[in-house]
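What you are looking at is a predicted structure, and each value in this text was computed from that prediction instead of being measured. Numbering of ligands and ligand atoms starts at 1, following listing order. Residue numbers start at 1 and run along the sequence shown.
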Amino acid sequence: MAKNKRVLVLHGPNLNLLGRRQPEIYGRITLDQINKKIRAVARELRVQVEIRQSNHEGELLTWVQESATQFGALVINAGAYTHSSIALRDALMDAGIPAIEVHLSNIYKREEFRKRSLIAESVIGQISGFGVHSYLLGLRAAVEYL
Ligand code: DQA
């Protein structure tokens with residue numbers, strides 16, 4: 001399928017633990033359940049979606065670096081790397097691919113250190129606080145930029 005019909009969805013560290021990880025913040029939904037909903041919206045929008053998760057900063061960096069040659073847009077929940085990774089910010093800046101930052105929780109309603117996103121300036125926009133819908137809205141937004 002042509003690159004302009006393909007969206008890469010990246011889940012960062014600890015998102016594989018969803019379902020049992022701090023359910024009072026992230027709910028009981030698992031990553032598999034989130035991915036199923038993402039795939040359903042991708043079908044509705046007639047785009048191909050590839051979904052990857054990693055707990056490793058370097059792996060996420062490599063995927064971002066490679067993304068522009070294979071995908072038309074990127075949806076990323078960088079997890080805690082949102083608040084710490086200048087390397088991820090630099091990779092997103094360089095990749096030249098339209099990217100949407102998403103978070104399940106509202107990062108502005110939580111601890112001070114979560115209120116700063118180091119990647120925010122390297123993405124088109126951010127969707128934060130809508131649970132699984134942050135991803136689904138993020139995918140819809142990404143498709144506008146394909
Ligand atoms: C998160 C928010 C981050 O602060 C946290 O480290 C995560 C998940 C979210 O989706 O709400 O791992 O990105």
A.B. asks: Can you tell me how the ring of Phe113 sits relative to the ring of His83, calling it parallel under 30°, perpendicular over 60° and tilted otherwise?
C.D. replies: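 Perpendicular.
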
A.B. asks: Would you please determine whether Asn77 falls within less than 4.0 Å of ligand 1 on a heavy-atom basis?
C.D. replies: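 Judged by the 4.0 Å heavy-atom criterion, Asn77 does count as contacting ligand 1.
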
A.B. asks: Would you mind checking which non-hydrogen protein atom is closest to atom 8 (C) of ligand 1, with the distance to 0.1 Å?
C.D. replies: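 I find the closest protein heavy atom is Tyr26 OH, 3.4 Å.
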
A.B. asks: So how far is it from Ile25 CD1 to Arg110 CZ, rounded to the nearest 0.5 Å?
C.D. replies: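 It is 4.0 Å, given to the nearest 0.5 Å.
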
A.B. asks: Atom 9 (C) of ligand 1: which protein heavy atom is closest, and how many Å away?
C.D. replies: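 I find the closest protein heavy atom is Leu104 N, 3.4 Å.
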
A.B. asks: Ligand 1 versus Arg21, non-hydrogen atoms closer than 4.0 Å: side chain, backbone, both, neither?
C.D. replies: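 Just the side chain.
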
A.B. asks: Rounded to the nearest 0.5 Å, how far does OG of Ser54 lie from CG of Leu61?
C.D. replies: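 Here the interatomic distance stands at 9.5 Å.
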
A.B. asks: How far is atom 4 (O) of ligand 1 from its nearest protein heavy atom, and which residue and atom name does that atom have?
C.D. replies: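 Here the nearest protein heavy atom works out to His83 NE2, 2.7 Å.
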
A.B. asks: When rounded to the nearest 0.5 angstrom, what is the spacing between CG in Leu74 and CZ in Arg6?
C.D. replies: 12.5 Å

A.B. asks: Identify the residue among Lys115, His103, Arg116 that makes a side-chain contact (heavy atoms from CB on, under 4.5 Å) with Tyr108.
C.D. replies: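 Testing Tyr108 for a side-chain contact (heavy atoms from CB on, under 4.5 Å) against Lys115, His103, Arg116 leaves exactly one candidate, Lys115.
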
A.B. asks: Under 4.5 Å between any side-chain heavy atoms of Ser134 and Ile127, yes or no?
C.D. replies: yes

A.B. asks: Can you tell which part of Arg114 has a heavy atom less than 4.0 Å from ligand 1: side chain, backbone, both or neither?
C.D. replies: side chain

A.B. asks: Can you figure out which of Gly12, Ser105, Ala80 has its heavy atom closest to atom 11 (O) of ligand 1?
C.D. replies: Ser105

A.B. asks: Which residue owns the protein heavy atom closest to atom 1 (C) of ligand 1, what's the atom, and how far is it?
C.D. replies: His103 ND1, 3.7 Å

